[in-house]
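These notes are about the structure you will find just below.
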Amino acid sequence: MTKEERLIKERERLKAMYLGQSEISGGAEFCFGIDEAGRGPLCGPVVAACCLLPDDYEILYLNDSKKLSEKKREEVYAEVIEHAIAYGIGIVGPERIDEINILNATYEAMTDAFKKCKESLVKGGNSFDLMRDLSVILVDGNRSVPYINEKQITVVGGDAKCPSIAAASCIAKVSRDRLLMNYDMQYPEYGFAKHKGYGTKEHIEAIKKYGPLPIHRRSFIKNFI
C-alpha cells in the first residue's frame, strides 16, 4: 500500500468515526468526550480528560490511545491540545484513591476534567450555558459520572468509536505517562519509565526489595507488603 493509499484509508476511518459519533450522540452539535488513564496501576494518580473538538479540523491517526505508539500518541496529543475548542484535565492522587476507592476517584477526576473544560470554553470566548441544549457528554465505558448533572451517553469502547473520547484518551494517557517519567527520574530503581506503574513482575519485585513509596496506592499493594 502506498503512502497516498494509507492516507486515504486513514481519512476514511476518521470520517467513519465522526459519522459514528454523530449517530451515538443523536446528532448533538457539541460532543464532549471523557476518558481516563491509570485505573489499574499500583501507583500514581488516576488522570481523566474532557475534550471538545472542532468539526472542521482533521487530526490524522486520532484513535484509542492504547492503539497508538508512544511517538504517535505524543504527536496526536500535540494536535489535540493545539486545535481543541476546549479541554480539561483532572488528577486524583493515590491517597485519595485509597480513601474513597478507585471508582469514586475516577469519577472525581472526570468531574474535575469536565469543570476545567468548561472553564477553558470561557477563556476561549464560549459559554457552555449557551451550548447546553445542543450538547452531550460521551463517557468511555458503561457508567455515567454521577457528579456531572448534564446529559451523558456511555460508550463501551468509545475511545475507538468517538473522536471526542479518543482525544480525551490521548490527553489523559500522555499526561499520566509524563508524570510517571518524572517519577522514574526520582526513583530509577522502580522502573516506572518502562511499566508506567502497572503491576508487572519487575514492579512488584522492586516494591518488595525497596519498599513502597509515597506515590504507591496502599489499597492496591497490601498483598505485596
Side-chain angles (χ1 to χ4, degrees), residues 33-51 64-74 76-77 80-81 87-117 139-148 156-159 165-225:
I34 292 182
D35 200 5
E36 54 73 29
R39 284 187 63 174
L42 305 181
C43 73
V46 59
V47 178
C50 178
C51 189
D64 172 4
S65 63
K66 296 184 293 297
K67 295 184 177 181
L68 302 175
S69 67
E70 185 173 353
K71 179 182 178 182
K72 183 62 68 177
R73 193 161 53 235
E74 286 278 353
V76 171
Y77 168 89
V80 169
I81 293 298
Y87 71 91
I89 300 170
I91 300 175
V92 175
E95 288 186 6
R96 184 64 173 163
I97 291 170
D98 288 337
E99 179 183 354
I100 63 174
N101 75 46
I102 187 60
L103 178 59
N104 286 313
T106 301
Y107 288 152
E108 282 197 357
M110 289 178 165
T111 303
D112 192 37
F114 178 60
K115 177 184 176 183
K116 290 177 179 176
C117 189
V139 183
D140 186 54
N142 61 0
R143 296 172 184 255
S144 58
V145 186
Y147 312 137
I148 297 178
V156 176
D159 42 9
I165 298 179
S169 171
C170 285
I171 293 174
K173 175 65 175 169
V174 170
S175 297
R176 189 178 189 280
D177 281 358
R178 289 179 176 180
L179 290 173
L180 268 294
M181 294 301 289
N182 287 332
Y183 293 156
D184 186 70
M185 289 188 286
Q186 295 177 58
Y187 312 107
E189 63 272 21
Y190 286 81
F192 293 127
K194 181 178 180 181
H195 54 66
K196 301 300 189 295
Y198 283 86
T200 63
K201 181 181 178 181
E202 175 188 3
H203 189 185
I204 293 171
E205 288 178 350
I207 295 172
K208 290 178 178 179
K209 182 175 181 179
Y210 303 109
L213 297 167
I215 59 172
H216 277 109
R217 305 171 183 178
R218 293 305 191 270
S219 57
F220 279 50
I221 63 170
K222 57 188 178 183
N223 293 329
F224 310 139
I225 59 176

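Side-chain atoms are counted along with the backbone in the values below, which use heavy atoms only and exclude waters and symmetry mates. What you are looking at is a predicted structure, and each value in this text was computed from that prediction instead of being measured.
- A salt bridge links Asp159 with Lys66; the closest basic N to acidic carboxylate O contact falls under 4.0 Å.
- Of all heavy-atom pairs between Ala168 and Cys51, the closest is N-CB, 4.1 Å.
- Atom CG of Asp140 and atom CD of Glu36 lie 7.5 Å apart (nearest 0.5 Å).
- Atom CD1 of Ile171 is separated from atom OH of Tyr87 by 7.0 Å, given to the nearest 0.5 angstrom.
- Interatomic distance, Ile81 CD1 to Tyr77 OH, rounded to the nearest 0.5 Å: 4.0 Å.
- Taking CG from Asp64 and SG from Cys170, the interatomic distance works out to 8.0 Å, rounded to the nearest 0.5 Å.
- A salt bridge is absent between Lys208 and Glu205: the closest approach of a Lys/Arg side-chain nitrogen to an acidic carboxylate oxygen does not fall below 4.0 angstrom.
- Using a 4.0 Å cut-off between charged nitrogen and carboxylate oxygen, Glu74 and Lys173 do not count as a salt-bridge pair.
- When all heavy atoms of Leu42 and Ile221 are compared, the closest pair comes out as CB-CG2, 3.9 Å.
- A pairwise comparison of heavy atoms in Pro45 and Pro94 identifies N-CD, 4.3 Å as the closest pair.
- Applying the 6.0 Å contact sphere to CD of Glu70 captures no more than 12 heavy atoms from other residues, nucleotides or ligands.
- A salt bridge does not link Lys194 with Asp184: every distance from a Lys NZ or Arg NE/NH1/NH2 to an Asp or Glu carboxylate oxygen is 4.0 Å or more.
- Checked by atom type and distance alone, the side chain of His203 pairs as donor or acceptor with a backbone atom of Tyr198 at under 3.5 Å.
- A donor-acceptor pair is defined here as one N or O able to donate and one able to accept, closer than 3.5 Å; no such pair exists between the side chain of Asp112 and the backbone of Glu108.
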Legend entry - Chi angles and distances behind the side chain to side chain contact (heavy atoms under 4.5 Å, CB included) call for Ser144, Val139: CA-CA 7 Å; Ser144 58; Val139 183; 5.5 Å; no
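- Across every non-hydrogen atom of Arg217 and Arg39, the tightest pair is NH1-O, 3.1 Å.
- Residues Leu68 and Val76 are in side-chain contact: their nearest non-hydrogen atoms beyond the backbone lie under 4.5 Å apart.
- Residues Ile102 and Phe220 meet the side-chain proximity criterion, which asks for heavy atoms closer than 4.5 Å.
- For Arg176 (side chain) and Val47 (main-chain N/O), no donor-acceptor pair under 3.5 Å exists by modelled atom type.
- His216 contributes no side-chain N or O that, together with a main-chain N or O of Ile207, makes up a donor-acceptor pair within less than 3.5 Å.
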Inset, instruction - Could you go through the side chain to side chain contact (heavy atoms under 4.5 Å, CB included) check for Cys50 and Ile89 one step at a time? - result: CA-CA 7 Å; Cys50 178; Ile89 300 170; over 6 Å; no
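- The environment of Glu95 atom CD is sparse: at most 12 non-hydrogen atoms of other residues, nucleotides or ligands sit within 6.0 angstrom.
- A pairwise comparison of heavy atoms in Asn101 and Leu103 identifies OD1-N, 3.1 Å as the closest pair.
- Residues Lys209 and Tyr190 form no side-chain contact, since every pair of their non-hydrogen atoms from C-beta on lies 4.5 Å or further apart.
- Formation of a donor-acceptor pair under 3.5 Å by the Ser169 side chain with backbone atoms of Ser65 is found in this model.
- In plain terms, the two heavy atoms of Ala105 and Ile97 that are nearest each other are CB-CG1, 3.7 Å.
- Note: Phe192 and Tyr183 have perpendicular aromatic rings, judged against thresholds of 30 and 60 degrees for the angle between ring planes.
- Atom CZ of Arg218 has more than 12 heavy atoms from other residues, nucleotides or ligands within 6.0 Å.
- Between the Asp98 side chain and the Ser219 main chain, a donor and an acceptor come within less than 3.5 Å of each other.
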Legend entry - Test side chain to side chain contact (heavy atoms under 4.5 Å, CB included) applied to Ile100 and Tyr107, step by step: CA-CA 10 Å; Ile100 63 174; Tyr107 288 152; over 6 Å; no
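- Ser175 contributes atom OG, which lies 6.5 Å from atom CD1 of Ile91 (distance to the nearest 0.5 angstrom).
- Going from atom NE2 of His195 over to atom NZ of Lys201 covers 14.0 Å, rounded to the nearest 0.5 Å.
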